Amino acid sequence: MSGTHSDAAISRQVRGLEALLEERGIVAGAALDEALDAFLAGSSPLNGARVVARAWTDPAFKERLLADGTAAVAELGYAAGGVQPQRLRVVENTARTHNVIVCTLCSCYPVRLLGPSPSWYKSEAYRSRVVREPRAVLAEFGLSLAPDTEVTVWDSSAETRYMVLPRRPPGTESLPEAELVTLVTRNALIGTAAL
């Protein structure tokens, strides 16, 4: 999936903001680098995969996760947000429904649980098209859904982030949680892939 956004333009904006913060004495460049490095070091799709594997093996945890994602992931030591707290809503794929997430305004995304967002997630093409024609976009990712599968697109915001709870693959009932973690991909957590 190709995008029409410019990483160079975004980088220039970020550098400009950093320079302004330093110039006004709000933050030192080294302190900002340390904070960003620390934040990104704890951000990985492996975190989301661990949440999913726990939900697949612990029905009570799954129930709590779907009711209040923010509190449930905190049980496992994960914060739903980043610099500022956000509400996490976890949406479950079933045999009849498929969920996919997007942020139509920018690229709001649960970085702590999914790692840095892929470039296609930030692209204008994905952000606008997945809302209008989700099946076509999912097909471009190689995901073909049955015609009677309901597709729901969830639009993240600064206040609420979404994560998909993918369907557990058949034949994995005897696998331990640690092995289940290895089956979960970032794209499945976004909803652009199935397992």
Side-chain angles (χ1 to χ4, degrees), residues 37-103 107-118 120-121 130 134-135 137-138 141-146 148-195:
D37 288 346
F39 174 73
L40 290 175
S43 303
S44 169
L46 187 56
N47 297 339
R50 288 181 181 124
V51 170
V52 167
R54 176 65 55 88
W56 286 344
T57 59
D58 182 342
F61 176 77
K62 177 181 173 182
E63 186 176 318
R64 293 191 304 276
L65 181 68
L66 296 173
D68 184 349
T70 308
V73 299
E75 291 176 30
L76 300 181
Y78 303 121
V83 177
Q84 66 182 38
Q86 291 102 17
R87 175 179 175 241
L88 177 68
R89 181 145 183 227
V90 178
V91 291
E92 181 182 19
N93 285 348
T94 68
R96 303 210 26 112
T97 60
H98 184 85
N99 298 284
V100 62
I101 61 173
V102 67
C103 179
S107 59
C108 292
Y109 175 90
V111 174
R112 288 277 188 189
L113 297 170
L114 278 63
S117 58
W120 56 260
Y121 184 85
V130 76
R135 286 180 184 277
V137 170
L138 293 174
F141 279 94
L143 180 59
S144 296
L145 300 170
D148 63 341
T149 301
E150 179 184 339
V151 179
T152 304
V153 179
W154 299 92
D155 194 359
S156 292
S157 68
E159 296 81 27
T160 303
R161 307 291 163 93
Y162 292 89
M163 184 179 90
V164 173
L165 175 59
R167 292 177 65 197
R168 185 174 180 163
T172 62
E173 295 75 22
S174 64
L175 292 181
E177 192 173 314
E179 285 186 47
L180 291 171
V181 168
T182 67
L183 303 177
V184 182
T185 65
R186 177 181 59 192
N187 284 11
L189 298 169
I190 296 171
T192 55
L195 302 176

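All values derive from a computational prediction rather than experimental measurement. Residues: numbered from 1 along the sequence shown.
In this structure, W154 contributes its side chain and V90 its backbone to no donor-acceptor pair below 3.5 Å. Under a 3.5 Å cut-off, the side chain of H98 and the backbone N or O of G191 do form a donor-acceptor pair. E75 places no side-chain N or O within donor-acceptor distance of the main-chain N or O of V73, the cut-off being under 3.5 Å. In terms of modelled atom types and a separation under 3.5 Å, the side chain of N47 and the main chain of R112 share a donor-acceptor contact. In this structure, T160 contributes its side chain and S156 its backbone to no donor-acceptor pair below 3.5 Å.
For the pair P118 and Y109, the minimum side-chain heavy-atom distance is below 4.5 Å. Inter-residue side-chain proximity for M163 and L88 is flagged as met; some heavy-atom pair is nearer than 4.5 Å. Here the side chains of P169 and L183 are in contact, with some heavy-atom distance below 4.5 Å. A heavy-atom distance below 4.5 Å is not found between the side chains of R96 and T149.
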TODO: Output, in order, the C-alpha distance, side-chain angles, deciding distance and verdict of side chain to side chain contact (heavy atoms under 4.5 Å, CB included) for T192 and L143.
DONE: CA-CA 7 Å; T192 55; L143 180 59; 6.0 Å; no
Task: Worked verdict on L189 versus V164 for side chain to side chain contact (heavy atoms under 4.5 Å, CB included) - done: CA-CA 5 Å; L189 298 169; V164 173; 5.6 Å; no
TODO: For the pair T152 and V91, evaluate side chain to side chain contact (heavy atoms under 4.5 Å, CB included) and give the outcome as yes or no after the intermediate values.
DONE: CA-CA 10 Å; T152 304; V91 291; over 6 Å; no
- [ ] Give the intermediate values and the outcome of side chain to side chain contact (heavy atoms under 4.5 Å, CB included) for residues I190 and W120.
- [x] CA-CA 12 Å; I190 296 171; W120 56 260; 3.8 Å; yes
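Expressed to the nearest 0.5 Å, how far OG1 of T94 lies from CD of E150 amounts to 8.5 Å. In this structure, OH in Y162 is found 10.5 Å from CG in N99, a value given to the nearest 0.5 Å. In this structure, L175 CG and T57 OG1 are separated by 11.0 Å, a value rounded to the nearest 0.5 Å. Distance check: L76 CG to R50 CZ gives 10.0 Å after rounding to the nearest 0.5 Å. Rounding to the nearest 0.5 Å gives a distance of 11.0 Å between OG1 of T97 and CG of D148.
Residues E159 and R87 are not paired through a salt bridge, judged by the lack of any N-O separation under 4.0 Å between the basic side chain and the carboxylate. Between R54 and E177 there is a salt bridge, with a side-chain nitrogen of the basic residue lying less than 4.0 Å from a carboxylate oxygen of the acidic one.
The side chain to side chain donor-acceptor pair (under 3.5 Å) analysis of residues 180-189, with sequence neighbours excluded, yields no pairs.
Between W56 and R168, the shortest heavy-atom contact is O-NH1, 3.0 Å.
With V184 as reference, V52 is the one residue of V51, L46, L165, V52 to meet the side-chain contact (heavy atoms from CB on, under 4.5 Å) rule.
The salt bridge (charged side-chain N to carboxylate O under 4.0 Å, His left out) test applied to E92 returns K62, not counting sequence neighbours.
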